[in-house]
Asks: 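Quick one: structure below, then a few questions.
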Amino acid sequence: DSLGRCDPNAYNAVHWDGSKWELKRIIFYTFCPEGTGSGSYHATSIFALDKENIVISSGSQLAYMKNNVQVKRECIPVSINKLWGTSSNDLYAVGVYGNIAHWDGRRWKKIESGVSSTINDIFGYVKNKSEGKEYEILCAVSDKFGWAEEKILVINNNIVDSISLGIVSVPQSVWSKNGLKIYACGDGAYERINGKWRKISGINPYFKNRIRGNDYNDIIIVGDYGMVAHFNGNSWLTFRELISYNGINYSLSYNGKVVAIVGLDGNKAKIIIGKR
């Protein structure tokens, strides 16, 4: 708190309503899978299913929010780093030790990934719109701070395969609009076209933690030292005024005309909101 005392019921989320911030406590179980005890423990990821429903993770459990009010919490069979899905009946959770689990609206089922390293990111897209909504899902596997398996996984109909890494080093994040091009970042930024990877030039050399886009001519990458870079289809622009040698940007969400970036500046949490 403001007096430097440790709050046993600390806040673990913050909500922006368009005019002000509101600190919030999202309540999780103390012990899973028993589902006992409770507390506002460290939250690790957040995913909006639609305008009303949001899912927030902590360890191996989820809290469900509806219209900004918590309505449920549950234990699931994996420890979660990231979430991605298409609806309340189709949600994926990925995390440590190569764990992947899928919710089909009735139950959680673990999916064999074939890897034992940390899955850092997951993102899906409609692969063939002309053939209906067939989703393909990408996952980035690596360890930023030490040796580990490095892979980009592809999930189709809950069957996991991988694509060649080529020159990609330490894949931390992955994104695509429709599979025609695939972008990855980590120790560098990379673009894959027709099965071949190339390293993207024109971005500073800091480690890159997350990549997202609206289209192939509208992509944002964030990373260490407060790095934020945007691609407009022709060239990359690094926002040098955001560079901070005590800063790090961990993740971002980019939707239409608004981008939200989260990270740290020294020992303080920070949120950057950009508008077109």
Side-chain angles (χ1 to χ4, degrees), residues 45 47 49 55 57 76-87 89-105 108-144 148-200 208-216 219-221 251-254:
S45 66
F47 187 78
L49 295 168
V55 188
S57 70
I76 75 169
V78 302
S79 184
I80 307 158
N81 280 339
K82 287 288 290 183
L83 297 161
W84 182 86
T86 63
S87 70
N89 296 321
D90 181 28
L91 182 64
Y92 289 84
V94 299
V96 299
Y97 306 121
N99 281 321
I100 304 174
H102 178 242
W103 170 256
D104 62 6
W108 283 97
K109 182 180 179 181
K110 291 188 71 173
I111 298 173
E112 179 57 49
S113 70
V115 299
S116 57
S117 300
T118 299
I119 301 177
N120 301 298
D121 193 18
I122 179 171
F123 189 86
Y125 50 85
V126 178
K127 185 178 181 181
N128 297 310
K129 284 189 176 182
S130 61
E131 299 177 10
K133 285 193 174 183
E134 178 187 342
Y135 284 93
E136 187 167 80
I137 302 161
L138 303 173
C139 299
V141 181
S142 69
D143 183 352
K144 178 178 178 179
E149 294 169 284
E150 296 182 0
K151 286 192 174 184
I152 293 177
L153 304 178
V154 183
I155 305 173
N156 283 298
N157 296 318
N158 286 349
I159 298 173
V160 180
D161 201 350
S162 62
I163 60 176
S164 170
L165 279 184
I167 60 173
V168 178
S169 178
V170 197
Q172 188 76 8
S173 183
V174 63
W175 173 82
S176 179
K177 181 185 178 182
N178 54 20
L180 296 179
K181 297 180 182 180
I182 294 175
Y183 288 83
C185 69
D187 187 12
Y190 308 87
E191 178 186 54
R192 186 176 191 261
I193 305 175
N194 297 324
K196 294 184 178 180
W197 290 100
R198 73 172 187 91
K199 191 168 185 178
I200 297 171
K208 296 155 183 68
N209 295 309
R210 193 71 72 224
I211 182 168
R212 289 293 185 265
N214 286 318
D215 208 329
Y216 295 129
I219 301 170
I220 292 179
I221 294 179
S251 192
L252 74 103
S253 180
Y254 193 20

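When a residue number appears, it is its place in the shown sequence, counting from 1. A quick note: this is a predicted structure, and the numbers were derived from the prediction, not measured.
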Asks: Where the side chain of Ser176 meets the backbone of Lys181, is there a donor-acceptor pair that is under 3.5 Å apart?
Replies: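 Pair found, side chain donor or acceptor close to backbone of Lys181.
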Asks: Would you compute the distance between atom OH of Tyr92 and atom OH of Tyr135 and round it to the nearest 0.5 angstrom?
Replies: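 Rounded to the nearest 0.5 Å, the OH-OH separation comes out at 11.0 Å.
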Asks: Thinking salt bridges, do Arg210 and Asp121 make one under a 4.0 Å N-O criterion?
Replies: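 Asp121 and Arg210: salt-bridged.
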Asks: Applying side chain to side chain donor-acceptor pair (under 3.5 Å), can you list everything that pairs with Asp90, at least two apart in sequence or on another chain?
Replies: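 Asp90 satisfies side chain to side chain donor-acceptor pair (under 3.5 Å) with Thr86, His102 once adjacent residues are dropped.
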Asks: List in chain and number order the residues that pass side chain to side chain donor-acceptor pair (under 3.5 Å) with Ser57, two or more places apart in sequence or in another chain; answer none if no residue qualifies.
Replies: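 For Ser57, the residues satisfying side chain to side chain donor-acceptor pair (under 3.5 Å) (neighbours in sequence not counted) are Thr44, Ser45.
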Asks: Of Leu153, Asn81, Ile100, Ile137, which meets side chain to side chain contact (heavy atoms under 4.5 Å, CB included) against Ile122?
Replies: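 Between Ile122 and the candidates, side chain to side chain contact (heavy atoms under 4.5 Å, CB included) is satisfied uniquely by Ile137.
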Asks: May I ask you to decide if Ile211's main-chain N or O and Tyr183's side chain share a donor-acceptor pair within less than 3.5 Å?
Replies: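 Looks like no, no N/O pair under 3.5 Å.
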Asks: Tyr97: what forms a side chain to side chain donor-acceptor pair (under 3.5 Å) with it, not counting sequence neighbours?
Replies: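 With sequence neighbours excluded, Tyr97 shows a side chain to side chain donor-acceptor pair (under 3.5 Å) to no residue whatsoever.
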Asks: Using the test ring-ring contact (aromatic ring centres under 6.0 Å, His included), find all partners of Tyr190 that sit at least two apart in sequence or belong to another chain.
Replies: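 Listed in chain order: nothing, the list is empty.
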Asks: Quick one: side chain to side chain donor-acceptor pair (under 3.5 Å) partners of Ser253, sequence neighbours excluded?
Replies: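 By the side chain to side chain donor-acceptor pair (under 3.5 Å) rule, Ser253 matches no residue at all.
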Asks: Nearest 0.5 angstrom please: Glu112 CD to Ile159 CD1, how far?
Replies: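 These two atoms lie 12.5 Å from each other.
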Asks: Keeping Asn178 on the side-chain end and Leu180 on the backbone end, is there a donor-acceptor pair under 3.5 Å?
Replies: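 Yes, because the side chain of Asn178 sits within donor-acceptor range (under 3.5 Å) of the backbone of Leu180.
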Asks: Would you call the rings of Tyr216 and Trp175 parallel, tilted or perpendicular, where under 30° means parallel and over 60° means perpendicular?
Replies: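 It falls in the perpendicular class, over 60°.
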Asks: Answer yes or no: does atom CG of Asn157 have more than 12 heavy-atom neighbours from other residues, nucleotides or ligands under 6.0 Å?
Replies: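 12 or below, so no.
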Asks: Identify which one of Asp187, Asn120, Asn209, Thr118 satisfies the side-chain hydrogen bond (donor to acceptor under 3.5 Å, both in side chains) criterion when paired with Lys144.
Replies: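 Answer after filtering Asp187, Asn120, Asn209, Thr118: Asn209.
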Asks: When you measure from the side chain of Gln172 to the backbone N and O of Cys185, does any donor-acceptor pair fall under 3.5 Å?
Replies: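 No: the side chain of Gln172 does not pair with the backbone of Cys185.
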Asks: Please check: side-chain N/O of Ser79 versus main-chain N/O of Val96, any donor-acceptor pairing under 3.5 Å?
Replies: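 No, Ser79 side chain to Val96 backbone: no donor-acceptor pair under 3.5 Å.
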Asks: What are the two closest heavy atoms between Leu91 and Phe47, and how far apart are they?
Replies: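 Between these two residues, the closest heavy atoms are CD1-CD2, 4.2 Å.
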Asks: Taking Trp197 for its side chain and Ser164 for its backbone only, find out whether a donor-acceptor pair lies under 3.5 Å.
Replies: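 Confirmed, Trp197 side chain pairs with Ser164 backbone.
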Asks: Does Asp161 have any salt bridge (Lys or Arg N to Asp or Glu O under 4.0 Å) partners at least two apart in sequence or in another chain, and if so, which?
Replies: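 If we apply the salt bridge (Lys or Arg N to Asp or Glu O under 4.0 Å) test to Asp161, skipping adjacent residues, there are no hits.
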Asks: Restricting to non-hydrogen atoms, name the atom on Leu252 and the atom on Arg212 that form the minimum distance, rounded to 0.1 Å.
Replies: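 Smallest interatomic distance, heavy atoms only, reads CD1-CB, 3.5 Å.
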